[in-house]
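Because only heavy atoms are used, hydrogens play no part in the values below, and waters and symmetry mates are left out as well, while side chains stay in. The first residue in the sequence is number 1, and the count goes up from there. Note that the structure is a prediction, hence the values are computed from the model and not measured.
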Amino acid sequence: MVLLEEALTEHEKRIDSALKQSAQLTSTLKAWKKATAEGKLADRQKLADRALELSNSVIDPVRLASDSWSFDARDYLASEAWRHEIMESAKISGHRLFSEGEALISSPVMVRTDPTRQSLLIGKTRWGKLRPSLVVEELQKIRAKGEKQKAVQESMDALFAAAKFLDKHPGATGSVKAKIRDIYDLFSLTPGWKKDNPESSFAQDLYAIHRSELRATRGGMRYEFEYPTGQPKPRDLFEVIDESGRPIRYYMIHFR
């Protein structure tokens with residue numbers, strides 16, 4: 001069976017040929033319009049004749065490009081070829097995935113086919129861009145997003161563990177709160193941690209949690225940042241600048 005990447009590449013070449021002819025026609029039509037607008041009647045006639053000539057020359061490349069496509073997407077998706085191509089493309093880009101039955105596993109999603117609708121199912125999302133290299137690009141984006149969310153979740157859970165340790169008077173429902181400064185100082189007791197996590201970097205981690213879609217720890221404790229009131233000590237504030245240029249000062253975090 002002809003590989004999809006090869007078929008698409010060859011078809012693109014045919015379309016490029018038609019585009020080249022079409023570009024010449026478009027350029028001539030614009031010049032024809034300009035000559036008409038300016039009243040250059042001699043140029044108008046020459047350009048009209050040239051446009052007519054080029055319009056005939058465009059027909060064959062377009063018909064050739066159209067007729068050259070004979071790839072059967074349904075047969076391709078019903079075979080093992082689609083998995084083979086995606087796995088080969090993933091291998092080239094260094095993206096790890098594996099085959100399981102009639103599907104591909106690209107953690108955290110499964111990739112399956114729907115030959116009838118000439119599409120893939122990436123997780124629960126219908127995906128109509130079948131070019132293997134583009135499929136792999138999308139899988140890489142999904143994995144990167146998942147890894148980012150995982151990192152945010154781990155950071156949030158670590159903040160909760162620290163707040164739980166620091167709060168000597170937890171609420172009746174298990175709610176706890178702590179100053180961000182106290183959490184940072186607690187983490188800094190680990191040898192080498194402070195060197196790898198300066199205060200500015202730690203503030204950015206807080207902002208990543210703040211901006212993420214995650215709102216609770218794995219145990220279901222929802223968090224809320226509390227901002228300073230009165231005149232807190234400057235060292236107790238962890239500041240970042242958001243996309244609009246507005247400063248955000250993190251002071252305390254509350255889990256409930």
Side-chain angles (χ1 to χ4, degrees), residues 1-97 102-104 106 109 111-145 243-245:
M1 179 174 286
V2 177
L3 298 180
L4 181 54
E5 282 279 2
E6 293 178 0
L8 290 170
T9 299
E10 183 60 31
H11 196 55
E12 282 184 286
K13 292 178 181 177
R14 302 279 188 182
I15 299 170
D16 282 340
S17 177
L19 279 171
K20 184 176 180 180
Q21 291 297 114
S22 177
Q24 294 180 41
L25 174 58
T26 298
S27 177
T28 301
L29 286 170
K30 289 180 178 179
W32 179 10
K33 179 181 178 180
K34 182 179 180 182
T36 301
E38 295 175 348
K40 293 182 178 179
L41 301 188
D43 289 347
R44 188 215 65 80
Q45 186 59 54
K46 286 188 288 186
L47 289 165
D49 293 341
R50 177 60 175 160
L52 182 61
E53 178 186 339
L54 286 171
S55 68
N56 293 324
S57 70
V58 170
I59 295 174
D60 287 341
V62 172
R63 181 181 291 113
L64 182 61
S66 178
D67 293 344
S68 70
W69 185 257
S70 59
F71 192 90
D72 193 318
R74 289 182 176 85
D75 285 349
Y76 173 77
L77 293 174
S79 72
E80 295 184 3
W82 72 275
R83 281 185 293 161
H84 171 75
E85 277 206 82
I86 291 176
M87 290 187 74
E88 284 299 307
S89 184
K91 188 176 181 180
I92 292 172
S93 63
H95 182 76
R96 294 186 62 185
L97 50 75
E102 296 182 352
L104 287 175
S106 174
V109 295
V111 184
R112 294 167 292 151
T113 64
D114 186 347
T116 303
R117 298 179 68 173
Q118 300 184 52
S119 62
L120 298 175
L121 288 171
I122 299 179
K124 295 182 180 180
T125 302
R126 188 168 300 281
W127 186 259
K129 299 177 184 178
L130 301 182
R131 192 162 200 146
S133 55
L134 292 183
V135 174
V136 172
E137 284 183 15
E138 178 63 14
L139 295 177
Q140 288 175 318
K141 290 177 184 177
I142 292 172
R143 181 171 294 173
K145 183 178 180 181
E243 287 83 351
S244 66

Exercise. Within a radius of less than 6.0 Å around CD of Gln118, do more than 12 heavy atoms belonging to other residues, nucleotides or ligands occur?
Worked result: yes
Exercise. Can you find a heavy atom in the side chain of Trp32 that is under 4.5 Å from one in the side chain of Lys34?
Worked result: no
For this session: With the side chain counted from C-beta on, respond yes when Ser106 and Arg143 share a heavy-atom pair under 4.5 Å apart, and no when they do not.
Result: yes
For this session: Could you tell me whether the side chain of Leu121 reaches within less than 4.5 Å of the side chain of Trp127, counting heavy atoms only?
Result: no
For this session: Kindly determine whether Arg63 and Asp60 satisfy salt bridge (charged side-chain N to carboxylate O under 4.0 Å, His left out), including the steps that lead there.
Result: CA-CA 5 Å; Arg63 181 181 291 113; Asp60 287 341; 3.5 Å; yes
Exercise. Between Ser55 and Leu52, is there a donor-acceptor pair closer than 3.5 Å when you use the side chain of the first and the backbone of the second?
Worked result: yes
Exercise. Rounded to the nearest 0.5 Å, how far does NZ of Lys20 lie from CG of Leu25?
Worked result: 15.0 Å
Exercise. How many angstroms lie between atom CD1 of Ile122 and atom CG of Leu139, to the nearest 0.5 angstrom?
Worked result: 5.0 Å
Exercise. For Pro61 and Ser57, which heavy atoms make the closest approach, and how far apart are they?
Worked result: CD-O, 2.9 Å
Problem set entry | Inter-residue atom distance Thr26.OG1 - Leu19.CG, 0.5 Å rounding | 9.5 Å
Seminar exercise, completed: Taken to the nearest 0.5 Å, the spacing of Leu3 CG from Glu85 CD works out to 4.5 Å
Exercise. Counting only N and O atoms by type, is there a donor-acceptor contact under 3.5 Å from the side chain of Thr28 to the main-chain atoms of Gln24?
Worked result: yes
For this session: Under the side chain to side chain contact (heavy atoms under 4.5 Å, CB included) rule, what do Arg44 and Glu38 come out as? Steps first, then yes or no, please.
Result: CA-CA 9 Å; Arg44 188 215 65 80; Glu38 295 175 348; over 6 Å; no
Seminar exercise, completed: Between Ala35 and Asp43, the two heavy atoms sitting closest are CB-CB, 4.1 Å
Problem set entry | No-hydrogen, no-angle side-chain donor-acceptor test under 3.5 Å, Ser133 and Glu5 | yes
Seminar exercise, completed: When rounded to the nearest 0.5 Å, the distance separating CH2 of Trp69 from CD of Glu10 is 10.5 Å
Exercise. Nearest heavy-atom pair of Val109 and Gly123: which atoms, and what distance?
Worked result: CB-N, 4.1 Å
Seminar exercise, completed: Looking only at heavy atoms, the pair that brings Ala103 and Arg83 closest together is O-CD, 3.9 Å
Problem set entry | CA sep, side-chain torsions, deciding dist, call: Lys91, Glu88, salt bridge (charged side-chain N to carboxylate O under 4.0 Å, His left out) | CA-CA 5 Å; Lys91 188 176 181 180; Glu88 284 299 307; 5.1 Å; no
Exercise. For Glu102, does the CD atom sit with more than 12 other heavy atoms under 6.0 Å from it, leaving out its own atoms?
Worked result: no
For this session: For the residue pair Val135 and Lys129, establish whether any side-chain heavy-atom pair is separated by less than 4.5 Å.
Result: no
For this session: Taking the side chain as every heavy atom from C-beta outward, state whether Leu4 and Pro132 have any atom pair closer than 4.5 Å.
Result: yes
For this session: Determine whether the side chains of Arg126 and Ser119 contain a donor N or O and an acceptor N or O closer than 3.5 Å.
Result: yes
For this session: Would you please test Gln45 and Leu41 for side chain to side chain contact (heavy atoms under 4.5 Å, CB included) and show each step?
Result: CA-CA 6 Å; Gln45 186 59 54; Leu41 301 188; over 6 Å; no
For this session: Evaluate the side-chain proximity of Val111 to Leu97: yes if any heavy-atom separation is below 4.5 Å, no if none is.
Result: no
Problem set entry | Donor-acceptor pair, side chain of Thr113 and main chain of Pro115, under 3.5 angstrom | no
Problem set entry | From CA spacing to verdict: salt bridge (charged side-chain N to carboxylate O under 4.0 Å, His left out), Glu137, Arg131 | CA-CA 10 Å; Glu137 284 183 15; Arg131 192 162 200 146; over 6 Å; no
Exercise. What pair of heavy atoms forms the shortest contact from Trp82 to Tyr76, and how long is it?
Worked result: CA-OH, 3.3 Å
Exercise. Hey, what do you get for CG (Leu130) to CG (Leu120), rounding to the nearest 0.5 Å?
Worked result: 5.0 Å
